[in-house]
Each structure stands twice: as structure tokens, then as C-alpha cells.
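A quick write-up on the structure given underneath.
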Amino acid sequence: LGLLALSAAKNLKLKTITSVDINKSKLEFSKKLGSNYCVNFNDKDFEKKIYKILGNRGYDHIFDFSGNKNVQQKCIKFLNKSVPGYKRGGSFGIAGFHYNNLKKSPKELLMYENSIYGIRGGSAILSKDLPLIYSHIKKKKLRVNKIITDEFELKDINIAIRKLKKGLIKGRAVIKI
């Protein structure tokens, strides 16, 4: 999902696209797909590197697909703050979940005009969304073919699952039927 979000961000011509992961090869792959910046979450200077990228600003939009509480908690920290009369604060979309609570003060949400919302898989309105997605793929606005890095025959599905669990698939894998 993160790679599709990266493709969409490139399509929207967003200026600062930062990919965060713990896997070096996935970060390198994100760079090839168009991330301006790639930062390893486990880097001891992670926060320092993010603040250097931001130049004392925050992100207008952050999306998390990891479901990792520590990643999500740090993401909240990097949201842009509002400037009354000029711009709203940043938003944080969560697609990966965990079962713990995140900490964000209601006062900060209000004062910084930040928003946190869920992105549920399977919530697409197929009659509306599929034609749009298909159109973007045909016009090469959504570069699905660039994120497919591995293909497996159906008989090799267990190999695909093992590789996925070990983090050996950089992009997306396709099972050919």
C-alpha cells in the first residue's frame, strides 16, 4: 500500500515525499520510485534526519501502513501545525493498526488543527473507485507495473509467503493463476 501511496503522491506532484521503513532495500526501491527522502526508522538519528528534511516545518499529510505503534506515535509528532488565517494543520491517515492507544492531546489537535483518521481496507466504492483506478493505470498516472517486483506460479505460493514474511520482496508480488 505504501508504494501505491508513493505512486499517487508522485502523480499529484507533491514536493516533499519521504519514505520510512526499517528495510534498507525497500528504502532504496522507494527512492527509485520517486521518494525525495528515505529514512530508516531504526536509525539512531531518525528524528534529527526528519527535522532536517522538514526545516522546522511539519508534514501536511502523513500515511502509515505499518501498524507499528512506535512509528505512528512518532508520525503524530511530525504533523504540520496550523497558522490561523493562513493554513490548517497536518493530517495523519492510518491504514495499519495495532491494539494500543496513541497519545495526542485534544488541546493540541484543536490548537494545531491536526486530524487523525482511519483508512480501512475494503472500503472502496467499487462502482466509483475501480473505473477511476483503471483510468489512472491506463494513463500511467498510477504506475502499478513499477511496484510489482516478484511473480510466482500458484504452485509456488508457499515460497512467496516465506519471502514476504522474511522481507525479501521489495515491492509487490503477483501470484499467476
Residue list, salt bridge (charged side-chain N to carboxylate O under 4.0 Å, His left out) with [X], at least two apart or on another chain:
X	result
Asp60	Lys87
Arg172	none
Glu28	none
Lys10	none

Taking salt bridge (Lys or Arg N to Asp or Glu O under 4.0 Å) as the cut-off, I'd like each qualifying pair that reaches into [range], sequence neighbours left out, listed once.
range	value
residues 103-112	Lys104-Glu108
residues 124-135	none
residues 12-21	none

Can you list everything that forms a side-chain hydrogen bond (donor to acceptor under 3.5 Å, both in side chains) with [X]? Sequence neighbours excluded, please.
X	result
Lys49	Asp43
Asn23	Ser25
Ser30	none

**Study point:** ring-ring contact (aromatic ring centres under 6.0 Å, His included) contacts in which one or both residues fall within residues 120-166, not counting sequence neighbours
**Key:** none
**Study point:** Co-members of the apolar cluster containing Leu54 [side chain, <4.5 Å]
**Key:** Val20, Ile22, Tyr37, Val39, Phe41, Phe46, Ile50, Tyr51, Ile53, Tyr59, Ile62, Val71, Ile76, Phe78, Leu79, Phe92, Ile94, Leu102, Leu109, Ile116
